[in-house]
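Reckoned from all heavy atoms, side chains included, excluding hydrogens, waters and symmetry mates. Within every chain, numbering begins at 1; the chains are lettered A, B, ... in the order of the sequence lines, protein sequences first and strands thereafter.
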There are 2 protein chains.
Amino acid sequence: MPKLVKSYTLSDQVCDLLKDSIIRGDLKPGDRLLELDIAKNYNVSQAPVREALSRLKNEGFVIHYPHKGTFVSNFSKKNIEEVYSFREAVEPLAIKRAISNITDDDLEKLKSIYEDMLQAGKENDLEMLNKHDIAFHTYIYKLADHEFMFNVWENLSSASNRIWYLTNQIYFKNLNEVAKLHEPILNALYKRDAEECIAAFKAHMKFVWDKIRDEEKIK
Amino acid sequence: MPKLVKSYTLSDQVCDLLKDSIIRGDLKPGDRLLELDIAKNYNVSQAPVREALSRLKNEGFVIHYPHKGTFVSNFSKKNIEEVYSFREAVEPLAIKRAISNITDDDLEKLKSIYEDMLQAGKENDLEMLNKHDIAFHTYIYKLADHEFMFNVWENLSSASNRIWYLTNQIYFKNLNEVAKLHEPILNALYKRDAEECIAAFKAHMKFVWDKIRDEEKIK
DNA sequence: ACTTTATATATTATCGATAATGTATAAACA
DNA sequence: TGTTTATACATTATCGATAATATATAAAGT
């Protein structure tokens, strides 16, 4: 079935554009976001900009002080640690529930995403590897059939995206390794072994976080 | 130090009023929320209403279909199960981190909140018991010093509030019991014993969820 | 009768302008 | 000089009105 056309409101577009600017680092932590300036820039009125900023606030990309203004949020090593420690707490629940729902068809799909990751690793394509990495974990969250957790994951994955761009100089040396980290996760899924899968996942988190923690460039 | 005056914008007020109506059941799942009607009702314009609805959407109280409308979200037994399973996954992280930061002063504060709960239990004051229950767990989340998790908790506690109102006929028979469930948690905190505390917490979740699961009135 | 197309209507999404609020600077006062 | 009060300015918050989009109903065509 072809994907339905998604109506793309102005506020959605502004939100995506701003988010991209923040993730890519064009807008830096502390930068002020003036509603009317942005509106003029994108040739829209204040209303969709406010909506966009409100969404970015909820995803943690900006901080809003009422009557004062909106600023790009900081994203320090502490925030990164928070994302990893949080995922370590939550994703085991996703894995357990996913395994109790997973079908052979799902396993094929996950395997294919894993192969895409390997391919991206071979080609040293950071952006693609990131995309497939997120897709892999998103698939597991979807299988978990847990609406609340899925919403939280959407925020987490945005944050993970931001981390990815902040830390790409680290990953760049290890693209193949990062992709390969998902093999034990996939194998455990095939065995429907939740505990083994969780252990593999935690090893994955630990590998990445260890690399980042020791990196001097990121404060 | 006295609490600072908080500027209370119109959208904040509308948001709180609507949330209250939903929590208390005056607005029922599926009810349509017409922006201009609400605006006229509360004697404000459309803009603050839209902002309020956007926040309610993020907290899961309403669902928004672009260009179609906003509707009060459903809150079924499945949603309740999600909240409890999610808290069981996340709150252990909060407890571990809280214990590594907790001071004697904090313990006194928590004890005093616990005593407020007991008092509310004695007086059969459901609303107060709820309030102090949330305050107790919020205190622990604050101690955890984990911004991301705290934001998630704010949504969780809103949902917990909604559950509370949906299930008050159950709690009503067990107010003292519910309050008492926090004693082992508090004791473990005094001992700085994370594992014992997590076990006590899980018993707490299990007690409440068991009561709800078996309740025929809630679908 | 059953699609398709036109029309009317309801509602959200967006606009441009104004009001409320906060910040910085200058004037008045002790 | 240091502190308070007044003034000007910048920015957000809100308003009332219009444009865009969806839904329901009626008309036309097959």
Distance, nearest 0.5 Å, that separates CD of B:Glu81 from CH2 of B:Trp209: 5.5 Å
Name the one of B:Phe136, B:Tyr139, B:Phe207 that satisfies ring pair (Phe, Tyr, Trp, His ring centres under 6.0 Å) with B:His182? B:Phe136
Nearest-nucleotide pick for [X], side chain only, options being [options]:
X	options	answer
A:Ala47	C:dT11, C:dT14, D:dT14	C:dT14
B:Pro66	D:dT11, C:dA13, D:dC15	C:dA13
A:His67	C:dA13, D:dA13, D:dC15	D:dA13
A:Val44	C:dT23, D:dC15, C:dC15	C:dC15

What integer distance in Å separates [X]:[atom1] from [N]:[atom2]?
X	N	atom1	atom2	answer
A:Ile38	D:dT11	CD1	C1'	12 Å
A:Glu35	C:dG16	CD	C1'	15 Å
A:Tyr65	C:dG22	OH	C1'	15 Å
B:His64	C:dT12	NE2	P	8 Å
A:Gln46	D:dA13	CD	P	9 Å

Taking for each residue the nucleotide of DNA chain C with the nearest heavy atom, is it A:Leu36 or A:Ser11 whose nucleotide lies nearer the 5' end? A:Ser11
Check: B:Asp106/B:Thr103 side-chain N/O donor and acceptor closer than 3.5 Å: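 Their side chains do contain a donor-acceptor pair, which is all the 3.5 Å distance test asks for.
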According to the interplanar angle, ranging from 0 to 90°, do the rings of B:Phe86 and A:Phe86 count as parallel (below 30°), tilted (30 to 60°) or perpendicular (above 60°)?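 B:Phe86 and A:Phe86: tilted rings.
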